[in-house]
Amino acid sequence: MRPRPAWRCSGFAAIPRSHPVIRMSMLRTLKDRFRPILAELVGNEALDKVLDLIRPAQDARFGDYQANMAMALGKQLGRPPREVAAEIVARLQVDDLCEEPAVAGPGFINLRLREGALAARLHAAAEHERLAVPSADHARTYVLDYSAPNVAKPMHVGHIRSTVIGDALCRVLRFLGHRVESDNHLGDWGTQFGMILYGHKHFLDAAAYAENPVAELSRLYRHVRGLADADEAVGKAVLAETARLHAGDEENRRLWQEFMPVCLAEIERMYRRLGVRFDHTLGESFYQDRLPGLVDELTRRGLARQSEGALAVFLEGHESPMLVQKQDGAFLYATTDLATIRYRMETFHPDAVLYVVDHRQSLHFEKLFAVARKLGYADVELTHVSFGTVLGDDGRPFRTREGDIVGLESLLDEAVRRAGDVVAANDEAKPGGPELSPEQRQCVAETVGMGALKYADLAQNRTSDYVFSFDKMLAMNGNTGTYMQYAYARIRSIFRKGNVDAASLVGSGAKILLETPEERALGLQILRLGEAIDQVVADYRPNQLTSYLFDLAGCFTSFYEKHSVLKAESDALLQSRLLLCDLTARTIRQGLALLGIDVVEQM
RNA sequence: GCCCCUGUAGCUCAAUUGGAUAGAGCAUCGGCCUUCUAAGCCGAAUGUUGCAGGUUCGAGUCCUGCCGGGGGUGCCA
């Protein structure tokens with residue numbers, strides 16, 4: 001862990017609890033009110049599906065929540081939808097939560113929350129460390145497979161997505177109370193090692209290797225890669241080196257043992273800087289001993305058979321089979337992946353295994369999952385959480401083999417350097433003069449730089465390609481990590497300037513008032529954190545959380561521009577606004593933390 | 001050939017999985033700093049959601065067919 005500056009806010013451990021925590025989300029509460037009515041109308045079977053049509057309103061003009069089932073029900077029951085809606089509304093008991101429900105348009109039921117109900121929930125959130133976000137109804141066990149760099153190649157920009165998305169999903173799932181085993185499935189046994197073995201034997205610069213082994217190995221990798229692409233003979237020699245490694249050749253094993261620690265240390269340095277941790281780091285090499293047995297079993301059970309000299313598993317709906325053993329007897333990554341599934345099933349007994357891997361491997365996973373089911377793993381959720389390719393500025397895919405690599409480390413350095421410039425400029429421009437020491441600026445720059453990098457990636461729908469650009473990643477305005485961190489720092493500044501202790505404020509009995517549109521909108525948005533998190537999990541899409549946070553920050557700055565906190569018109573308003581500020585800050589901090597992004601108290 | 005993804009404002013991207021008048025940020029234009037951080041706020045302008053059909057109360061979202069872009073496709077990962 002990086003050292004944390006002493007002036008960082010240290011948490012909210014001392015929050016007293018005078019209100020019972022509301023354990024159910026607003027949405028869930030509303031659904032429960034609809035449940036008995038709809039059960040009578042549609043019966044228990046279709047109930048959940050119909051209840052899912054109760055949603056946050058898409059447009060604030062229609063209220064806060066809307067129920068959209070009357071149209072479909074009207075059709076089904078052969079009655080006018082508005083009549084059905086009216087009947088539902090007539091029987092609905094939500095007086096304590098909502099103002100009078102309204103039927104609109106073809107049969108939408110619009111619900112607007114009462115101020116008192118909003119305030120009550122905000123008080124509960126204020127007194128709860130997790131901001132009253134309910135845990136998942138049923139805790140599941142997840143195995144998360146992400147990052148998985150090739151050990152012999154330097155990490156580059158292409159590794160960021162898997163690492164950052166996987167880490168965020170890991171944090172979100174854990175926050176909801178799920179058990180998560182994160183596993184870095186390193187590429188430490190494949191052809192890329194044949195490359196550096198071959199390179200080490202023919203082209204080693206011993207002095208360079210002695211000084212910086214990783215740099216020399218990556219030079220060798222690129223060099224041999226180029227040769228192999230141009231010359232078939234070199235390609236064969238590389239494969240032969242790989243085969244010798246797999247066969248237990250003494251020298252190649254010794255070299256592998258020599259390469260691994262330095263490569264791993266290099267990778268670990270990146271993870272430390274990114275704040276990413278894994279529960280397990282079980283690379284391909286870990287499974288080597290399990291492959292022959294697995295292939296035997298596939299053959300014995302009639303799942304795999306010889307075809308064109310290789311051993312193949314044929315699958316319905318697929319033209320080409322999945323190969324599990326090559327003509328020369330070597331195993332493939334499909335074999336390793338199958339062995340990995342087996343190991344994970346036996347070791348962790350997961351309900352779900354998520355692979356955060358770029359979309360180019362989607363066919364591989366389709367086949368892999370199909371074979372896994374044939375092997376008997378039918379109940380586990382196997383999901384390829386695919387994401388778009390990292391593209392260069394020219395719009396073409398970034399590929400290591402093109403030699404045109406932006407190394408991850410220099411990328412991180414550049415992000416921090418640029419963040420440092422912006423932090424310094426901002427500090428200089430403060431109304432009361434600069435506030436930060438050089439050490440603080442450096443620390444802020446690191447946090448802001450990493451945050452910008454991660455947020456830029458997470459904010460994009462993961463299925464689309466990602467156009468890598470320093471400027472885009474490090475843009476300091478719009479929906480960026482920096483904007484979020486800035487919003488947080490501004491709030492903390494209010495408490496500092498007003499000499500208010502947030503923790504003692506919470507237990508003081510102060511009331512939250514939501515009399516202006518800005519305060520009401522902010523309060524409502526604060527309460528939606530749980531919904532945003534649910535949306536992330538529903539499709540493994542962290543950008544649902546960044547969108548939420550951006551909206552939250554927008555609500556806050558609108559409020560902040562319009563209403564003075566420290567100079568509020570009355571003491572009651574002062575207290576109320578401070579509570580809203582504190583809730584906003586904690587929600588931003590929590591939301592960013594779920595994305596693996598830190599905040600700073602001042603910037 | 002076949003399979004998958006994709007096409008939304010000038011640019012980069014959203015859009016709660018079929019909901020109401022498709023939204024942000026850049027860029028452009030016009031307002032806001034003696035007042036809690038202007039990395040900001042408020043407002044304006046910007047669209048035949050690639051094209052053509054279809055499904056239904058309702059389609060950017062689903063189905064069909066075209067067109068464009070990307071990826072994958074038996075012995076790399």
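As the structure is a prediction and not an experimental result, all values here were calculated from the model. Each chain gets a letter, A, B and so on, in the order its sequence line appears, and its residues count up from 1.
The aromatic ring centres of A/His384 and A/Tyr540 sit 6.0 Å or more apart. In this structure, the ring of A/Tyr198 has its center no less than 6.0 angstrom from the ring center of A/Tyr221.
In the set B/G72, B/C75, B/U37, the nucleotide with an atom closest to the side chain of A/Arg360 is B/G72. Of the candidate nucleotides B/A39, B/A14, B/A15, B/A39 has the atom lying nearest to any side-chain atom of A/Met603.
Below the 3.5 angstrom threshold, one finds no donor paired with an acceptor across the side chain of A/Gln58 and the base of B/G23. Looking at A/Gln66, its side chain comes within 3.5 Å of the base of B/A20 through a donor and an acceptor atom. For B/A39, the base has a donor-acceptor partner in the side chain of A/Asn426 [N/O atoms by modelled type, under 3.5 angstrom].
Side chain to side chain, A/Glu428 and A/Asn426 fail the donor-acceptor criterion of an N or O pair below 3.5 Å.
Nearer the 5' end of RNA chain B, as judged by each residue's closest nucleotide, is the contact made by A/Phe550, out of A/Arg496 and A/Phe550.
Contact annotation: A/Tyr333 does not reach the phosphate of B/A77 (side-chain N/O to OP1 or OP2, under 4.0 Å). Look at A/Thr463 and you won't find any side-chain N or O under 4.0 angstrom from OP1 or OP2 of B/C4.
In RNA chain B, runs of at least 3 stacked Watson-Crick or G-U pairs (N1-N3 plus N6-O4 or O6-N4, or N1-O2 plus O6-N3, all under 3.5 Å) give these stems: B:1-7 with B:67-73, B:10-13 with B:23-26, B:28-32 with B:40-44, B:50-54 with B:62-66.
For the P atom pair drawn from B/C4 and B/A9, the interatomic distance equals 26 Å after rounding to whole Å. Rounded to whole Å, the C1' atom of B/C42 lies 36 Å from the corresponding atom of B/G50.
In this entry the distance linking CD of A/Glu428 with P of B/U37 reads 17 Å, nearest Å. For A/Asn461 and B/G7, the CG to P distance is 9 Å, given to the nearest whole Å.
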